[in-house]
Each structure stands twice: as C-alpha cells, then as structure tokens.
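We name chains A, B, ... by the order of the sequence lines, and we start the count at 1 in each one.
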Amino acid sequence: MNDAISTYMTADHRHCDQYLASFEQAVDRGEWEPAGISGQDLRTSLLSHFAREEEKLFPDLLAVDPRARGPVQVMTMEHRQMRALLDELREALGKQDAPGCLGLAETLHFLIQQHNAKEEGILYPLADQGLAPRAEELVEQLKAF
Amino acid sequence: MIDTRGLSLDQAPPFHIPARFFLTAPLFVLLAGLLLLWEGPSLLASRWLPLALAMTHLIVIGYLGLLMCGALLQMLPVVLGAPVPAVRWVGSLTHPLLGLGALFLAGGLGYGLPWSLAWGAVASALGFICFLLPVTLALWHARGEPGTRRALRAAALALLVTLLLGLVLSTFLLGLLPLGNFTGWVNAHVIWGLLGWVGLLVIGVAVQVIPLFFVTPPYPALARAWLAPLLLILIVLASLAEVRGWDLTATLALGTVGAGFVLFALLTLWLLVRRGRRRLDPTLLHWGTAMLSVVAAFLAWMLNAPPTLVGILLLVGVGLGLPAGMLFKILPFLAWFHLQHRQLASGRFDLRIPHMGSLLAVNWARTQFGLHLLALLLGMVALAVPALARPAGLVLFLSGLVLEGLLVGVVLRYRRASRAFMATPAP
C-alpha cells in the first residue's frame, strides 16, 4: 500500500517532538534566548501541522471517506486544546517563568503524544487508503503550508 | 478495514476509578516499611521466613497489584483502543478485594493464622479474576501495536497462572491438599508472578511508553514483536521443570529468561541515553534505576548471591520504583485531561486549568526518588550489615509516605479545579 501520506505526516510529528525537547532543555538550563527561539519554532511547526490537516488533509479525506468524520472532529478539538496551551506557553515564556514553561511543555507533550498515536494509528492509514491515487500530489500540496 | 472506535473520548473510565487504586497502593508500602522497621534484620534472613513472605505479598498484591490493575483499566482504551467492559464494576470490586486480600494474606503468611490466609487467598483470587475476565475480553478486541498486544496478553495469562498456583499453595498450607516438592511449586509461583505478570507487563508498557515519554528511537522491531512471546515460552518451561524437579532444565531455562530481561533492560537504557527530552526528571530516574536493578538481579542470581538480594532488587528496585515513576506522569495527565473535559462541558473557557507541573510537586517527586534509592541501597547492604535493616524500613516508609502525599496532592488540586467549573456560573 502507498503510505506516502502517513510517512510525511508522521515525520512532521517527530519534528515537532524535537522542537519541544530543545525548548524544554533550554528552559531547564535557564538559557532564555535559545528557549525563545525553539519556543517559536515549536509554535510555528505545530500551527503549520494543524493547518496542513485542517485545511487540506481532513477535508480531502472527508470527501472520500465519511467514516473519518468522528475522528476528525475529535482531532480538531484536540488541536484547539493544543493551541490554548501554546498561548499559555508563550505567556509563561514572556515572563521567563521556568516552572510554568516546563509544566506547560510537559502537558503539551503528553497531549501531543496521545493525539499523535490516534492519528498515526487510525486517521493517516485511512488517508493512505482513501487518497492513494493522488497521494504524492497531496504530499506536495501539504509541504506548501 | 481500519477501526475508528479508538477515537471516542468517553472510553476512558471516570477519574475516580484509577485514582482510587493509585491512592490506596502506597499505603501498602507504608505497611511494608513499618513491618521491616518493627521486625528488623530477622525479616531479611531468608526468603522462606513468614514475615518475609508477608512483606512480599504486601508489595506484590497491595502495591503492585492495585497499581497495575488501576493503570491497565485506564491504559487499555488509550493504548490499544480496547475499553474494559463494565469498568465501574470492575473498579469497585477489584479495588477492595485486592486491598483486603493483601492484608489478610500478609497476616496469614506472616503470623501463621490459617483463617487469615484462607480469606486473603480467596479475596486476592476473586479480585484478580474480577479484573482478568473483562480485561481478557478487552484484549481480545485490542488493536494497535501487535507487540504490545502480545506482551499484555502474555502478562494477563501469567497473572492467571500465578493466582492459580497461589491458590494451590494456600490449600497446601491449610492442609487441604498434599503437595510433593513444595519448593518447586513455590518457585513456579514466583517465576510466573515476578517474571511473567510483572516482567512481561513492564516489557509491553515500556515498548509503548519509553519512545512517547522521552522521545527516544523505537525499540527494534524484532524485540518489540517477539521478546515477550519467547520469554513466555521459556517461563512455561522453567516453571514446569521446577515443579517436576528437573534442576538442570530449570536453571538453564531460568538463566535464558534472565538473559532475555537483561537484554531488554540494556536496550531500554541505551534508548534512554539517546532520548530527545534531556531533562533528568524523577520518572526517568526511576526507569534507569529499575533497569539497572534488573541487570544487578541477574548478576546476583548468576553469582549465587542470597535469594533475598535478588528479591530486594526486583521487588524494591523494579516493583516499587517503576510504577511510582509512571504515576508521576500518569496521574497529573489524567487529572488535566479530565479537567479539560469539565471545561468543555461547562463552557468556562475563562478559567485556567492547572498544568501538569502545578498539579504534581516535582521537587517532592525528586525527594521521593531519593528516598526510594536510599531504601533500596540500605536494604541491600542490610543483608551484610543487619543493623541497617531498621533504617531501611524507616526510609522505605518515608518513601511511601512522600509518594502518598504527592498523589493525594494531585487529587486535591484536581478536586479544587473541578469544583471551580461547577460552582461559578458562566458569565
């Protein structure tokens, strides 16, 4: 089976994990300048990932596979929760509040992990299946976000 | 056909069900610590001493049994998309039965009270059966990572065999059943319980959570898929040889099982060294200590060290430490997760949910790890320096007390935040 979509989107998840890890490490060491940079990288990469899904992947998938409706709703709601945490994180970063940053990053990390497990286990395989004929083209479009 | 059931949010049991298991379990560490403090060095002299057996069962049923059952009721829907049927009933029955079972079993074994032993054996067995029946059904329908599924099924089978062997041993001790080669049967019970149920469950859980918690590379596919089933086969062989008195086969099979677990522990340590999240948090420290304890236990067994040393390494190093480390992540995340849903339901987006760092006092979690490590070291040294047995008991008690305090703190903060959602009307 063509798994170009899963492969691309899963790799995107791993990038976000790495940004979160470097952010935490910088905060932990009290290096606020690198923390600011990796915090911004984390925010940008997560928000573009959500956009890839909400503006392209999910609508395209829903058009070919109505079974995805429930899962897509749940995923979109969790994106909202993550956006709220990202906002809180930016605020804590602005105040150089290390315990706040670390606690929020930890919460975001766990929310992301259980979210990714569901996407990688269910939603992306559905997309690989339903959107197989134009997978490569779709991946190119996703990269543009 | 891809199954989309796993995405429903209401599959997870209500917060109070796992919380009840998690808050009760550390009380048994307090009891185990008090027992060692009270009895002193004589408790550690041999694995066959009544009070050593009592302490072991306080830890494996009271602490580990409650924690593992509570955590699985919560984890199965999330990790394997397998909600446990009638989870409220399972929670309400298993929790008191295991708690009472551990107490009575410890009383019966430790103080030679037949009625207490009988009640303890029956309550523990019923508690585990109430848990195993629905969990087996859930595992039947499980999906997701096949390696985790296999390991968890193997662990569930091992729990069943452990409890059956436990019942056989209790009936013998009560004089209701003649049994040749008692030592062999006890060894088989220990092998299925510690290496089967606990060991295979740790493998199944680690494969899933180590990469997620710490952003490490995944375990190699071969280990993920086949380590647990292979160990299960060897465990069958080792326990059969123990019961039949085939000493050489038993030693060889047990040695291979041990080597398999050492391989797993080294693999885990290697992955942890390569982790993306570099912070040295208490959960990571507990995992590291537990994996080193596995390696040390195997070396001690190879070198013919006293079985109590192997016991302390496995029961305290792995059994008490690992689940404590896991709770530092699981309970705050669960609390946060449920609070999110309260917020959604109440529409109170003006209220802020406390994040994981403010739900769990991380500094106290570090203290808990420190006390745990000290209790482990003192316990081991006490085998050679008996004067250290009581201090080991005291520190064990304190580590349990701090653990309990930490968990109660999370639940109280959860309650306070949860009340705020209900009390004030939306503006």
Pick from A/Q113, A/R14, A/R80, A/H109 with the largest number of heavy-atom pairs that fall under 4.5 Å of chain B
A/H109
Side chains of B/R279 and A/Q25: closer than 4.5 Å at any heavy-atom pair?
no
Counting only heavy atoms closer than 4.5 Å, note whether A/I112 contacts chain B via side chain, backbone, both or neither.
neither
Verify side chain to side chain contact (heavy atoms under 4.5 Å, CB included) between A/E88 and B/R352, making sure each step is shown before the conclusion.
CA-CA 9 Å; A/E88 282 188 53; B/R352 216 165 240 197; 3.6 Å; yes
Indicate yes or no: does A/E106 engage B/K329 in a salt bridge with an N to O separation below 4.0 Å.
yes
Ranked by heavy-atom pairs below 4.5 Å to chain A, first place among B/L360, B/V215, B/L359, B/I353 goes to B/V215
If you round to the nearest 0.5 Å, how far is OG of B/S358 from CG of A/L102?
12.0 Å
Full working for ring pair (Phe, Tyr, Trp, His ring centres under 6.0 Å) between A/F110 and B/F213:
CA-CA 8 Å; A/F110 273 82; B/F213 279 20; 5.0 Å; yes
Where does B/R278 contact chain A at under 4.5 Å (heavy atoms): side chain, backbone, both or neither?
side chain
Between A/L85, A/D17, A/T107, A/L111, which shows the greatest number of heavy-atom pairs under 4.5 Å with chain B?
A/T107
So does A/W32 have more than 12 non-hydrogen atoms from other groups sitting under 6.0 Å from CH2?
yes
For the residue pair A/A21 and B/G276, what are the closest heavy atoms and their distance?
CB-O, 3.3 Å
Segment of B/R275 engaging chain A (4.5 angstrom heavy-atom cut-off):
neither
With side chain to side chain contact (heavy atoms under 4.5 Å, CB included) as the test, would you mind laying out the steps for A/L108 and B/H355 before giving the verdict?
CA-CA 9 Å; A/L108 185 59; B/H355 55 71; over 6 Å; no
Side chains of A/Q81 and B/L344: closer than 4.5 Å at any heavy-atom pair?
yes
